[in-house]
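Small disclaimer: the values here were computed from a predicted structure and weren't measured.
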Amino acid sequence: MNKYFGRSVVLLVEHESSGSMGFVLNKPIKETFNDFFPEVELKEKIPVFCGGPVSPNRLYYIHTLGKAIPDSYHVTGKIYFGGDFEVIKAYMNQGNPVKGVLKFFMGYSGWEEDQLENEITGNSWLVGKPDVQKIMKSENEIYWKRALEDLGEKYRFWANFPQRPFMN
């Protein structure tokens with residue numbers, strides 16, 4: 001596994017016969033939203049995550065604001081993808097909550113037709129059920145461990161296995 005997907009939790013936002021798109025949820029980058037958009041007045045630093053290797057210089061976002069954000073796309077439960085960024089910035093400038101509501105990514109993860117299905121069949125990925133609160137509030141590698149534990153006892157050993165066992 002490479003730096004993008006080793007110990008990663010990915011949320012698929014689109015999965016069609018032509019391909020799939022998702023975001024790595026648990027790999028924060030050094031820069032924050034505040035670094036990219038100083039004109040948005042925020043009381044706290046808002047993390048940005050490495051969403052994946054495709055379009056790494058473009059900002060993407062998911063949110064739980066629903067149709068209040070025009071042109072957003074429903075993903076699952078209360079999670080929406082994209083929408084009018086000017087409305088997002090206005091929401092933030094009004095002092096509304098960001099953590100647990102908005103999550104930002106540089107880049108995305110993409111799979112061509114049948115690629116993801118083949119990787120799942122080849123046991124490169126485990127598939128779990130999305131938990132909105134965990135998705136929106138997770139901020140680091142601990143989320144990977146918790147996601148494995150949510151899959152059951154069978155995966156608890158994986159969660160505690162060292163990332164580089166040869167270094168022990």
Side-chain angles (χ1 to χ4, degrees), residues 1-16 18-37 42 44-65 69 72-83 85 88 92 98-152 155-156 158-165:
M1 281 274 161
N2 62 33
K3 68 179 181 174
Y4 295 104
F5 300 120
R7 294 189 179 212
S8 292
V9 179
V10 176
L11 171 68
L12 288 183
V13 295
E14 185 173 84
H15 181 65
E16 298 177 354
S18 59
S20 302
M21 176 184 187
F23 300 109
V24 175
L25 298 170
N26 61 320
K27 304 248 175 151
I29 63 174
K30 292 184 305 188
E31 296 84 7
T32 65
F33 181 89
N34 316 59
D35 297 324
F36 295 114
F37 298 96
L42 298 166
E44 59 187 324
K45 297 282 185 191
I46 303 302
V48 175
F49 297 81
C50 176
V54 183
S55 296
N57 296 319
R58 184 166 175 212
L59 183 75
Y60 297 88
Y61 47 95
I62 59 174
H63 57 85
T64 59
L65 298 170
I69 307 301
S72 61
Y73 173 80
H74 182 249
V75 176
T76 185
K78 294 182 178 180
I79 297 179
Y80 288 75
F81 163 53
F85 190 59
I88 293 284
M92 295 168 81
V98 175
K99 289 197 175 185
V101 176
L102 288 158
K103 193 163 188 171
F104 298 94
F105 307 93
M106 291 301 289
Y108 70 92
S109 302
W111 294 265
E112 295 178 352
E113 181 179 349
D114 296 327
Q115 182 183 0
L116 184 57
E117 288 85 353
N118 291 336
E119 290 179 11
I120 292 170
T121 301
N123 295 316
S124 294
W125 294 101
L126 297 173
V127 178
K129 294 179 182 170
D131 180 315
V132 174
Q133 284 191 354
K134 289 179 183 177
I135 287 168
M136 297 307 292
K137 292 184 178 181
S138 65
E139 294 192 0
N140 55 36
E141 194 174 294
I142 292 171
Y143 183 38
W144 176 80
K145 285 184 167 197
R146 290 187 180 136
L148 277 176
E149 290 169 356
D150 287 348
L151 291 174
Y155 299 102
R156 194 169 304 270
W158 289 15
N160 294 315
F161 199 76
Q163 189 167 4
R164 293 179 182 88

Response to the item:
When every non-hydrogen atom of Q115 is compared with those of G110, the smallest separation belongs to OE1-O, 4.4 Å
Item to complete: Could you tell me the separation between the CD1 atom of I62 and the OG1 atom of T76, rounded to the nearest 0.5 Å?
Response: 11.0 Å
Fill in: Point-to-point distance, once rounded to the nearest 0.5 Å, from NE2 of H63 to CD1 of I88
5.0 Å
Worksheet entry | From M136 atom CE to K78 atom NZ, the distance as rounded to the nearest 0.5 Å | 12.0 Å
Response to the item:
Between the CG atom in D131 and the CD1 atom in I79, the distance rounded to the nearest 0.5 Å is 8.5 Å
Worksheet item: Can you list the steps and then say if F5 with S124 is a side-chain contact (heavy atoms from CB on, under 4.5 Å)?
Response: CA-CA 10 Å; F5 300 120; S124 294; over 6 Å; no
Fill in: Spacing of OH belonging to Y108 relative to CZ belonging to R58, to within rounding of 0.5 Å
8.5 Å
Practice prompt. Locate the shortest heavy-atom distance separating S72 from G82; write the atom from each residue and the value.
Written response: CB-O, 3.3 Å
Worksheet item: Should F85 and I69 count as side-chain neighbours, where that means a heavy-atom distance under 4.5 Å?
Response: no
Discussion item. Would you compute the distance between atom CG of L12 and atom CE of M21 and round it to the nearest 0.5 angstrom?
Written reply: 10.5 Å
Worksheet entry | pair M106-P56: side-chain heavy atoms closer than 4.5 Å | no
Discussion item. Could you check whether any side-chain heavy atom of K99 comes within less than 4.5 Å of a side-chain heavy atom of P47, counting everything from C-beta outward?
Written reply: yes
Worksheet item: Under the salt bridge (charged side-chain N to carboxylate O under 4.0 Å, His left out) test, which residues partner E112, sequence neighbours left out?
Response: none
Worksheet entry | salt bridge (charged side-chain N to carboxylate O under 4.0 Å, His left out) contacts touching residues 113-130 (sequence neighbours left out) | none
Worksheet item: Which heavy-atom pair separates S20 from H15 by the least distance, and what is that distance?
Response: OG-ND1, 2.5 Å
Worksheet entry | For D150, side chain to side chain donor-acceptor pair (under 3.5 Å) partners two or more places apart | K134
Discussion item. Please give me the minimum heavy-atom distance between Y80 and V75, naming the atom from each residue.
Written reply: C-CG2, 4.1 Å
Fill in: Any side-chain heavy-atom pair of I29 and C50 under 4.5 Å
yes
Worksheet item: Would you call I46 and L102 a side-chain contact if the rule is heavy atoms closer than 4.5 Å?
Response: no
Worksheet item: Is there side-chain contact between M92 and F33, with heavy atoms separated by less than 4.5 Å?
Response: yes
Worksheet item: Do K27 side-chain atoms and S8 backbone N/O form a donor-acceptor pair below 3.5 Å?
Response: no
Item to complete: Would you mind reporting whether T32 and L42 have side-chain heavy atoms less than 4.5 Å apart?
Response: no
Item to complete: Could you point out which residue of Y61, F49, Y60 forms a ring pair (Phe, Tyr, Trp, His ring centres under 6.0 Å) with F23?
Response: Y60
